[in-house]
Every structure is written in C-alpha cells, then in structure tokens.
Amino acid sequence: MADLRQLLRDLPVFGGELPVFDPAATPDDPVELFTRWLLGAIRAQVPEPHAMTLATADADGTPSARTLILKDVDAAGWRFAAHDGSVKGRELAARPYAALTFYWQPLARQVRVRGPVVREGAERSAADFLARSAGARAEALLGRQSQPLTSLAERDTAMAGAAERLADDPGLVPAAWTLHTVRAESVEFWQGAKDRNHTRLAYRRAGTTWTKELLWP
Ligand SMILES: Cc1cc2nc3c(=O)[nH]c(=O)nc-3n(C[C@H](O)[C@H](O)[C@H](O)COP(=O)(O)O)c2cc1C
C-alpha cells in the first residue's frame, strides 16, 4: 500500500537525547557492560527493559522468535524460563542454541547475545517458578502453551482450575518448568546516533576471556 509505505518512511527514528558510547572505555567482560546498559535503561525508565526477543530454531533449522522476560544475568549467562512443552521448549531440546535481542528504544541501544543454552537443575527451576505471580504460575501449571485452543471460555475454565490447584498446594511446581541459561559466545552492543554514525562493539569468547572489536554499522 503506497500510503502505508510513505507513512513508514516518514516515521522518525533515533529521536530524543541519546547517550554517548565510548568503546575505548568498556570493560573486558560483556556481562559487566550489559549490566551497566540494563541499569541505565532502568534508570532512564525505558518501559519493560527486561523484555527481550528470544530466537530459537527447530531440528531442521527453521527459526522462530518471540518476546520473553529476562530473569537474571551473571557470569554464567543470560537466564530465562520456559515450559518444556512449548514451542521454544521443544526447539531448545532439539537444538540447544539461542539468540537474544534487547532494544531500548529511547536510548537507541541494542544488545545481541548468541550462544549455547544450558538447562538449569530442578532446584533453580523450581525457585523461578515459585517466584512467579499467581496468574503466571497457573498459566505455566496448565502446560498448554502454544497448543490450539478451542475457545476463550475453555482457557478461563482451565485457568480457574489451575489457580484452585495452586491455592490448595502453594508449593506445587510442574516438572516441565525449566530455567535456561544462554552461555554467550558473542555479545554485540549497538549505539544508534542521529547522524547514523552508529557504534558497534562485538565481544567474542576466547576460552576464559573475551576479545573485543568494532564492527561497521
Ligand atoms: C512483553 C512480553 C513478555 C512476555 N514474556 C513471556 C515470558 O516471560 N514467558 C513466556 O513463556 N512467554 C512470554 N511472552 C509470550 C511469548 O512471546 C510467546 O507468545 C510464548 O512464550 C509462546 O512462544 P512459543 O510458542 O514460541 O513457545 C511474552 C510476550 C510479551 C509481548
């Protein structure tokens, strides 16, 4: 549609005050820089700065991507949780590799993370499940995510049933709930600029340390 094409072309990008990114003043470890950027996004009141795109692929290599909430990041990597029966859970079982993308729009910042994905043990997975809100626990307890649904009424009835089960047994944890850790092999930081002199800094794992290099934007 010509009008839509024009409308899209006219939309602004990289408006507002943008931070300066000096790659020469970055730490040796990308987790440290990611944490700085994430805390900066929280301070700048970026909406839902812990929302990220998780990309996985099935056994044939066909990709899928969806938005997910980051649960934690530390020296081991970037953590998220998923039901083993969901599409993402099944894809990770078939191919334990993922890519994450964070986009903090008001700051024109993007971070991309890639690497193998490791399943955490039952204890850590249970702790993640028990920290979820009542509604989120009920949804996960159903274990029906990504399956076809006949009607919204069916959803509501099943959710009420799951909420009741959890009220009767607050310590209930589905065995199929798994905390995953992306053990990053590469992490790329992208700082947008109004004049399009964007800055990209890529970290690559080299054994127990990291190398850093600038990339053409
Ligand atoms: C902001 C936002 C946050 C979301 N957070 C989660 C989440 O933490 N866990 C989750 O399973 N789905 C979350 N979703 C829904 C997923 O994007 C997706 O629809 C769902 O996980 C099913 O994906 P799958 O069929 O590929 O497994 C979120 C969606 C949005 C828009």
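Remember, it's 1-based here, ligands and their atoms both numbered in the order they're listed.
Applying the side-chain hydrogen bond (donor to acceptor under 3.5 Å, both in side chains) criterion to Arg119, with sequence neighbours excluded, gives Asp84, Thr178. Considering only residues two or more places apart in sequence or on other chains, Ala81 meets the side chain to side chain contact (heavy atoms under 4.5 Å, CB included) condition with Lys71, Asp128, Trp177, Leu179.
Nearest to atom 28 (C) of ligand 1 among the protein's heavy atoms is Thr67 O, 3.2 Å. Looking from atom 21 (O) of ligand 1 to the surrounding protein, the closest heavy atom is Lys88 NZ, 2.8 Å. In terms of protein heavy-atom proximity, atom 10 (C) of ligand 1 is nearest to Leu68 CD1, 3.5 Å. In terms of protein heavy atoms, atom 8 (O) of ligand 1 is closest to Ile69 N, 3.3 Å. Looking at atom 11 (O) of ligand 1, its nearest protein heavy atom turns out to be Gln145 NE2, 3.1 Å.
Under a 4.0 Å criterion applied to the non-hydrogen atoms of Glu48, ligand 1 contributes the atoms 1 (C). Contact atoms of ligand 1 toward Ser146: 22 (C), 24 (P), 25 (O), 27 (O) (distance under 4.0 Å to a heavy atom of the residue).
Remark: atom 19 (O) of ligand 1 lies closer than 4.0 Å to no protein heavy atom.
Side-chain atoms of Arg183 do not come within 3.5 Å of backbone N or O of Gly115 as any donor-acceptor pair.
Checked by atom type, the side-chain pair Arg66/Thr56 shows a donor-acceptor distance below 3.5 Å.
Note: an N/O pair closer than 3.5 Å links Val87 and ligand 1 by distance alone.
Taken from CD1 in Ile42 to CD in Glu48, the straight-line distance is 12.5 Å, to the nearest 0.5 Å.
Side-chain atoms of Thr181 and Glu120, non-hydrogen and from C-beta on, do get closer than 4.5 Å to each other.
With hydrophobic clusters built from ILVMFWY side chains whose heavy atoms lie under 4.5 angstrom apart, Met52 shares a cluster with Val117.
Contacts between His83 and ligand 1 below 4.0 angstrom, taking non-hydrogen atoms only, are absent altogether.
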